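Report on one structure; see the data block that follows.
Here the structure is a predicted model, which is why all the values come from computation and not from measurement.
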Amino acid sequence: MDRRAADVAARSSGGRTGLVLEAAELSLVYEREGQPVRAVEEVDFKLEAGERLVLLGPSGCGKSSILKAVAGFLQPASGHILIRGQPVTGPGPDRIVVFQEFDQLLPWKTARQNVAFPLLVAKRIGRQEAYRYADDALRKVGLSHVLDAFPHTLSGGMKQRVAIARALVTQAEILLMDEPFAALDALTRNRLQTDLLALAEELKFTLVFVTHSVEEAVLIGTRIQVLGGRPGRTVATISVDAPQLKDRTTFEFQDIVRHIHGYLQSEGTEKAA
Amino acid sequence: MSEQVRSLERVRDVQPRIVREAKRNGWLRSATSSVFVRRLLVLVCLAAIWQFSAALAHNPILFPSFTETVSALAEAVWSENLLQYAFASVLVLLKGYLLGIGLALILVSFATLNNFLREALLTLTAMFNPLPAIALLPLAMLWFGLGEKSLIFVLLHSVTWPFSLATLTGFQSVPETQRLVGRNYGLRGVRYIALILVPSALPSIISGLKIGWAFAWRTLIAAELVFGVSSSSGGLGWFIFRNRNELFTDKVFAGLITVIAIGLVVEFGIFRALESSTVHRWGQQR
Ligand SMILES: Nc1ncnc2c1ncn2[C@@H]1O[C@H](COP(=O)(O)OP(=O)(O)OP(=O)(O)O)[C@@H](O)[C@H]1O
Ligand SMILES: [Mg+2]
């Protein structure tokens, strides 16, 4: 991150600088019918405030598992995860997750109530104020016109945007997104990617973002960590912070996409061999 | 060529008939499109069938007609305090019902804490749910004597187990994502249950409330039939029992009609309203 961006981050988020999230030699193991299933092996990463790490890799390489571990839903089998130097012991509102599933909105709450929910749960502010923040956040994701709609009356893309608004409104230092746009059509997906990037520039949250899509990874991230294999390991780490990489039409964008596809391909042939 | 023309003509012939039929059915369809009208129609049909078969049977002592029952009902309401009997029943019912629901909520809350307690509750419901609560009445009479306490004891049994089972099942089918969302925001314990599990499981909980209500009603009327000979507290079951002894069959029917009427009012006035303002509105259930 360049110095100016860091300055802005410091100003806009009350001195949020420095190392935010650290995973060291992280291994994750599930149990299936009494047998251990190794999902992730010895993955490392470090995130400074305002960085956006994209976990990229084929299906089953453990991307969601890493996200779950950072969120505190899954205990590491070995290695550790530190948030501002403190080990993660369980889920908490300092790391808000946007899930891949469309049913992550609470169906008994309207869009506004869904977004205000984490604020009301935290009990720091009253209902009126929470609704005001919620309306703001929904405007940011372009949903001012459906404040009072229940989730089942919204389209899939709208639901995901409400979920993103709900994550933004918490002003959590860390946002964790698990393929939030995967089930959307290309058009909606492109628009939400651009919106998310703009919001990240504005709000300077630290982001871990999981995706299958190389284009999405380049567009969203400041850094991409390519994972592969079973159990999943780090294949490559690529910085994609340059501004010309945030535009699909540039030569640099196309070039780096091809480059990263190369990593994924070699990963595939290795497995086949 | 001529074949084609003829078949076209046939098509033209058919179409107006369809239109005409639709028109003829129009008034019927629009009248029956109102839910209220449809239900009323069902009730009217039932009353007509009843009246007709009673006329055929022609034995008012064993099978009074609809009109005889209605006049007996009016008489019972005016001169025999039927409404008071009904009120006494509903009051006891409500006490037992609410206590049963409250107890079940406490049990289920504990059951969500850990696997052992959940197993314990599941075992208890498996034991007591198939047991007709009324079978506990003799024991209740032994322990609590004749009176409200015994009634409430059996009512508690008739409500707690089916409602616990429905609620527990509802909690278990709360989508994983919604659970994770709740925990992500730092919800635990009672707040997690109240803010995530209960609303998410509301379709099951409401159906548990309905089942509990129906079981409680049955149990209460049955218990009052037993108590009728010896208790002074009255109630609808007692009204039915007493009138049967005196062979006032029309009043027995009036008592039964009252039981049914209260059931209908609760179903359509309370439970359906509850559903349409919650689970239907939220798209959790159609
Ligand atoms: N609850 C679970 N129990 C047992 N094994 C699991 C469980 N969840 C995931 N796994 C295993 O862990 C590995 C990694 O799963 P994970 O969901 O993290 O992959 P992913 O990279 O997110 O895949 P996708 O891109 O398809 O979402 C897989 O081999 C999977 O079978
Ligand atoms: Mg996944």
Exercise. Distance only, no hydrogens: is a donor on one side chain within 3.5 Å (strictly under) of an acceptor on the other, for Tyr85(B) and Thr258(B)?
Worked result: no

Out of [options], return the one with the most heavy atom pairs under 4.5 angstrom to chain B.
options	answer
Pro151(A), Gly72(A), Pro91(A), Ala163(A)	Pro91(A)
Lys68(A), Gln100(A), Arg166(A), Gln104(A)	Arg166(A)
Phe99(A), Phe73(A), Trp108(A), Phe150(A)	Trp108(A)

Exercise. For atom CZ of Phe268(B), is the number of surrounding heavy atoms from other residues, nucleotides or ligands below 6.0 Å larger than 12?
Worked result: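 Count over threshold, so yes.
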
For this session: Select one option (side chain, backbone, both, neither) describing which atoms of Arg191(B) are under 4.5 Å from chain A's heavy atoms.
Result: side chain

Seminar exercise, completed: Honestly, the part of Leu119(A) sitting under 4.5 Å from a heavy atom of chain B is neither

Exercise. Taking the inter-plane angle between the rings of Phe153(B) and Phe144(B) on a 0 to 90° scale, is it parallel (under 30°), tilted (30 to 60°) or perpendicular (over 60°)?
Worked result: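 Rings of Phe153(B) and Phe144(B): tilted, 30 to 60°.
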
For this session: Give the ring-plane orientation class for Phe128(B) versus Trp161(B), where under 30° counts as parallel, over 60° as perpendicular and anything between as tilted.
Result: parallel

For this session: Report the residue from Val210(A), Leu227(A), Val208(A) that forms a side-chain contact (heavy atoms from CB on, under 4.5 Å) with Ile66(A).
Result: Leu227(A)

For this session: Could you have a look at Leu202(B), Thr278(B), Val279(B), Ile196(B) and say which one has the most heavy-atom pairs with chain A under 4.5 angstrom?
Result: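 Top count of heavy-atom pairs under 4.5 Å with chain A: Ile196(B).
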
